[in-house]
2 protein chains.
Amino acid sequence: MTESKPTDDIANLLRSDLPPAASRWNGFPEFNFVGGNNDADSVPLKTLAACAQTVLMREGRNLATYFLASGPMGYLPLREFIAAKLALRASYPCDPADILVTTGSMQALDLVNSAFLSPGDTVIIEEGTYGGAIGKLKSAGINYIGAPLDEDGIRMDALADILQDLADKGIQPKFIYTIPTVQNPTGSVMPLARRQELLKLAKQYGIAIFEDDCYADLLWEGDRPPTTASLDPDGRVLYTGSFSKSIAPALRVGYLIADWPVMSRILPLKKDAGSGALEQMVLAEFGLDHFTRNVTDLTATLKGKCDAMVAALEEQFGASAEFLVPKGGIFIWITLPDGVDTTRLAQVAISEGVAINPGAEWSADADSGRHRLRLCFGNPDKQTIRDGVRKLAEICHRETGIPSRSGNIDH
Amino acid sequence: MTESKPTDDIANLLRSDLPPAASRWNGFPEFNFVGGNNDADSVPLKTLAACAQTVLMREGRNLATYFLASGPMGYLPLREFIAAKLALRASYPCDPADILVTTGSMQALDLVNSAFLSPGDTVIIEEGTYGGAIGKLKSAGINYIGAPLDEDGIRMDALADILQDLADKGIQPKFIYTIPTVQNPTGSVMPLARRQELLKLAKQYGIAIFEDDCYADLLWEGDRPPTTASLDPDGRVLYTGSFSKSIAPALRVGYLIADWPVMSRILPLKKDAGSGALEQMVLAEFGLDHFTRNVTDLTATLKGKCDAMVAALEEQFGASAEFLVPKGGIFIWITLPDGVDTTRLAQVAISEGVAINPGAEWSADADSGRHRLRLCFGNPDKQTIRDGVRKLAEICHRETGIPSRSGNIDH
């Protein structure tokens, strides 16, 4: 018989390669410029409540079965609504039978990664991109290469060079992960001609495209180009979207679209017994008319907040902060002078109630992102945006000497 | 420049080790005796709808932020309700701060597996157990050993032998996965004394216990013993439960409870930006009083269906079908004579509209489960249960000669 062990030994049974321990949650910081949070006053409460009432009384008995009465791809009326929305708003006709409802688009990312990627595989991402996507690739042991961006998204000349360089080395990348419309973090929109070029390159090199369209409904400047997926006759594009940004992030409802030969291989990896049915039912009942009205109002509100943040940045940081004015969405991607380390700045700032996304976490090459940062303006009100940017400028000035002056007052 | 590839090449980029492709969903079979589906008429529609209305109008603005205003452990009022429910119904006092809301208890299983298990590790499970748990262990490359069961759950003499045998071989198992109350698939309940013995053995061998209590609220025979977790002074027990069986399975809301030293290592693995908020809010608003009334009524209904299935089995299979009459829950675990292969039977039966869980998929040792099967009675009505069991007996007789006679009529 083995000897008795100390009672705290079950922590010793944990895997040795786990990430660091979480801390207890302490509430939101006063100036919360991180995360995909949205405008609280724009959540369509009354309509959501009415939809919940209607759909529960009509179809709630289906909650007694897993997957409602729609099978593992998700609640059919929601898939039909998604198809109608994409046809109307994104010039993207698709078959509800090929739409998989996911628990947020994050699950879509996980599914696509699990289906395509083994440790050591290579993918191409955008040089600045969604930090969560980078984190997933990193923890899965995937090599990722950042394609340079300009104000129209991925530079196709640079992408062609990367693809040829990999081909010369005998490396077959699996996919290009791109956010072409309201790019995260730059807020840019890839024009139609570039999308066509992207497809041509992907075809030429036998590579898939993973199009993340999470923010596209929040476009306020210019027409929304057709999705890359809609331009693709070959089933080469995997497409994901979400209601997190257009309705409410705490509703965990996203979707993944792929042709059945690929989707049929991805679906068995979704071993969660379905995504939350009540949220699916309520969103389906919400429907296209309410959706259109909601994003029209929400986008106007977000543009107002964006304008407030742009003005605050110009006032507080002056020429020290370079950024593209976003064409939609909820964030601004800011480049500070080379000497500023935003990873360090973020640590100091959070201790004083200002949360920012340091650029290293949003960059394929962490070093080249070290003097950049992402600020989200979706949740805080305009006064909080102004006060928070002022406070950030003060902290940044104190820590780095930058900005040298702000608000027309020398520091 | 590389040569152009065929347009169907993205399927060739998929991992080579994926599970088989899914088929298109074709609706439920006529006699659906699989899955944790529940009684449709028992879904508390009106109350859920009223709760949705109330909570959305009161707190819906919080949907604009990830995690509502409660942080990554889940909606605080729901965690408080879970704590109150466990204190009242399971003699299990616990701190809402240590309760993690999960997307069904399946996510709790995934999280615990991810936190503790590396390929090649060993765990102990029950010889008959939840097929989904076996599937997860198998696909993660984990060795699992089935502990023999009797009508009171795991046999402690046999478990002691297994643990000592592993110790002699220098193998440290990570945890014992057990469903002590309304065991899946046997429907048995482990008495208090055995729970204490289980804890003693676990402590002696320095191993964790993973207690799955998903079905415990559906107990109809005898008092519910305290959870194993409540008897554990050492934080050795990881505990999971769910609202899938007590309210509705399509609501994907479960929970995982562990002391913070372990929970703080598990939480960073939950990278889904939170579980569905609307479902959490509605269930929290539902609350303990409604919950108690609901499970009281539901359990009576399920017992009626169980009685119908027991009578149908006795009538149609006679002495050929051996089973414990379950003490609660939604399923019966049936042993047929050795010669019957239920994996094959299930294939034939589904083609004729009868879905069953073949015992091999619910058994640690697939071979020893090959003449067993699990039948779920939660969703079909009593007449469907009677008709379906008759049809299954007919198919089984035709395919295997067993039962030799049924319904007092010689085949």
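Order of the sequence lines fixes the chain letters, A, B, ..., with proteins taken first and strands second; residue numbering starts at 1 for each chain. Note that these values count all heavy atoms, side chains included, but never hydrogens, waters or copies made by symmetry.
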- Determine, stepwise, if the pair B:Phe28 / A:Thr65 fulfils side-chain contact (heavy atoms from CB on, under 4.5 Å). CA-CA 10 Å; B:Phe28 290 120; A:Thr65 50; 3.7 Å; yes
Within the side chain of [X], is there an N or O that forms a donor-acceptor pair under 3.5 Å with the backbone of [Y]?
X	Y	value
B:Arg252	A:Asp272	yes
A:Arg15	B:Phe116	no
B:Gln53	A:Gln53	no

Taking side chain as everything from C-beta outward and backbone as N, CA, C, O, which of these in [X] sits under 4.5 Å from a heavy atom of chain A? Side chain, backbone, both or neither.
X	value
B:Lys46	both
B:Ser275	backbone
B:Ala97	both
B:Asp39	backbone
B:Gln107	neither

Quick one: pull up [atom1] in [X] and [atom2] in [Y] and give me the separation to the nearest 0.5 Å.
X	Y	atom1	atom2	result
B:Asp17	A:Ser118	CG	OG	6.0 Å
A:Met57	B:Leu48	CE	CG	10.0 Å
A:Leu278	B:Gln280	CG	CD	12.0 Å

- Query: Do you know the tightest heavy-atom contact between B:Pro268 and A:Ala21?
  - Reply: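 Scanning both residues completely, I find the closest heavy atoms to be CG-C, 4.3 Å.
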- Let me see the working for A:Ile10 and B:Lys174 under side-chain contact (heavy atoms from CB on, under 4.5 Å), right down to the final yes or no. CA-CA 8 Å; A:Ile10 90 152; B:Lys174 290 297 185 83; over 6 Å; no
Below 4.5 Å, heavy atoms only, C-beta onward: do [X] and [Y] meet side chain to side chain?
X	Y	value
B:Pro19	A:Leu269	yes
B:Ser244	A:Tyr66	yes
B:Ser139	A:Lys271	yes

Using non-hydrogen atoms and a 4.5 Å limit, figure out which bit of [X] sits close to chain B: side chain, backbone, both or neither.
X	answer
A:Asp259	neither
A:Leu117	backbone
A:Leu267	side chain
A:Pro20	backbone
A:Lys270	neither
A:Val282	side chain
A:Ile247	neither

- Message: Just so I understand: if I count every heavy-atom pair under 4.5 Å between each of B:Asn38, B:Leu14, B:Leu56 and chain A, which residue has the most?
- Response: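 When all of B:Asn38, B:Leu14, B:Leu56 are compared, B:Leu14 has the most.
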- Query: Going by an N to O cut-off under 4.0 Å, is there a salt bridge joining B:Asp98 and A:Arg24?
  - Reply: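 Counted as a salt bridge, because a side-chain N and a carboxylate O are separated by less than 4.0 Å.
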